[in-house]
Amino acid sequence: MSALQQPYFETVTEALQWLNLQGFTENFNLDTDCLRCNTNTIRMSPEEFKIEYLFRFEGDTDPGDEDIVYGIISDIYNVKGVLTSAFGIYADSVSAEMIKKLSTH
C-alpha cells in the first residue's frame, strides 16, 4: 500500500474519479492467472504488479453486496490502472496465486 494517506470515499465512482486524477487511467480485467488490460495488449502476472490503493464499499441494503476498487501499478510495464471487483467473484475461475495477491492488501 502507498505510504501516502489514503483518502476515504462514499462511492465507487468517487474512488475511480480520484484514481483517474492520480494517473490510474488503464482499466484492468481479472483473468485466471493474470490481470489483463482492456486493450488486451498487457497481461500481468501477480509478481508483475503491485496494489497501491484499495477501497472497499459495502452495499447499503445488503452487507454482502460489496465492491472493491484497486489502484494498480506495474513498473515493469510502466502502467497505472484500476480493477473493480465484487467480493466473491474469485471463486473457481481465478488461480490461487491471484486470489492471494488481491486479498493480502
Side-chain angles (χ1 to χ4, degrees):
M1 295 293 282
S2 174
L4 302 174
Q5 180 69 28
Q6 179 165 309
Y8 171 79
F9 300 104
E10 291 284 332
T11 67
V12 169
T13 301
E14 289 174 348
L16 290 172
Q17 289 172 341
W18 181 83
L19 284 166
N20 188 267
L21 290 172
Q22 307 308 309
F24 291 80
T25 55
E26 294 293 330
N27 290 308
F28 296 113
N29 292 309
L30 191 57
D31 221 335
T32 303
D33 58 355
C34 65
L35 287 184
R36 189 173 29 83
C37 187
N38 270 357
T39 60
N40 286 324
T41 56
I42 299 173
R43 296 173 61 87
M44 297 183 296
S45 60
E47 64 276 356
E48 293 178 322
F49 68 88
K50 66 180 180 180
I51 298 169
E52 188 76 9
Y53 295 101
L54 182 143
F55 302 98
R56 293 179 188 261
F57 300 92
E58 277 193 14
D60 290 336
T61 57
D62 181 1
D65 183 21
E66 297 178 294
D67 285 313
I68 303 175
V69 175
Y70 297 94
I72 293 173
I73 292 177
S74 174
D75 294 331
I76 294 169
Y77 294 101
N78 194 28
V79 66
K80 291 167 68 171
V82 296
L83 170 69
T84 56
S85 173
F87 281 160
I89 68 158
Y90 308 130
D92 298 325
S93 62
V94 178
S95 72
E97 190 178 359
M98 282 298 291
I99 292 170
K100 182 179 178 187
K101 176 77 174 200
L102 295 173
S103 63
T104 57
H105 288 68

In sequence, state the C-alpha distance, the side-chain angles, and the governing distance for Leu54 and Ile68, and then conclude on side-chain contact (heavy atoms from CB on, under 4.5 Å). CA-CA 7 Å; Leu54 182 143; Ile68 303 175; 3.9 Å; yes
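- Rounded to the nearest 0.5 angstrom, Leu19 CG and Glu14 CD are separated by 12.0 Å.
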Let me see the working for Cys34 and Met44 under side-chain contact (heavy atoms from CB on, under 4.5 Å), right down to the final yes or no. CA-CA 5 Å; Cys34 65; Met44 297 183 296; 5.6 Å; no
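- Between Phe55 and Phe9, the ring centre distance stays below 6.0 Å.
- For the atom pair Ile76 CD1 and Glu47 CD, the distance stands at 7.5 Å (nearest 0.5 Å).
- In this structure, CZ in Phe28 is found 6.0 Å from CD1 in Ile42, a value given to the nearest 0.5 Å.
- Note: Tyr77 OH to Ile72 CD1 = 13.5 Å, rounded to the nearest 0.5 Å.
- At least one donor-acceptor pair under 3.5 Å links the side chain of Ser74 to the backbone N or O of Glu48.
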For the pair Thr84 and Asp67, evaluate side-chain contact (heavy atoms from CB on, under 4.5 Å) and give the outcome as yes or no after the intermediate values. CA-CA 7 Å; Thr84 56; Asp67 285 313; over 6 Å; no
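- For the atom pair SG (Cys37) and CG (Asn27), the distance works out to 7.5 Å, reported to the nearest 0.5 Å.
- With rounding to the nearest 0.5 Å, the separation of CD in Gln22 from CD in Gln17 is 12.5 Å.
- For an aromatic pair to be called close, the ring centres must be under 6.0 Å apart, and Trp18 with Tyr53 satisfies this.
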Residues Val82, Tyr70; criterion side-chain contact (heavy atoms from CB on, under 4.5 Å); working and verdict: CA-CA 5 Å; Val82 296; Tyr70 297 94; over 6 Å; no
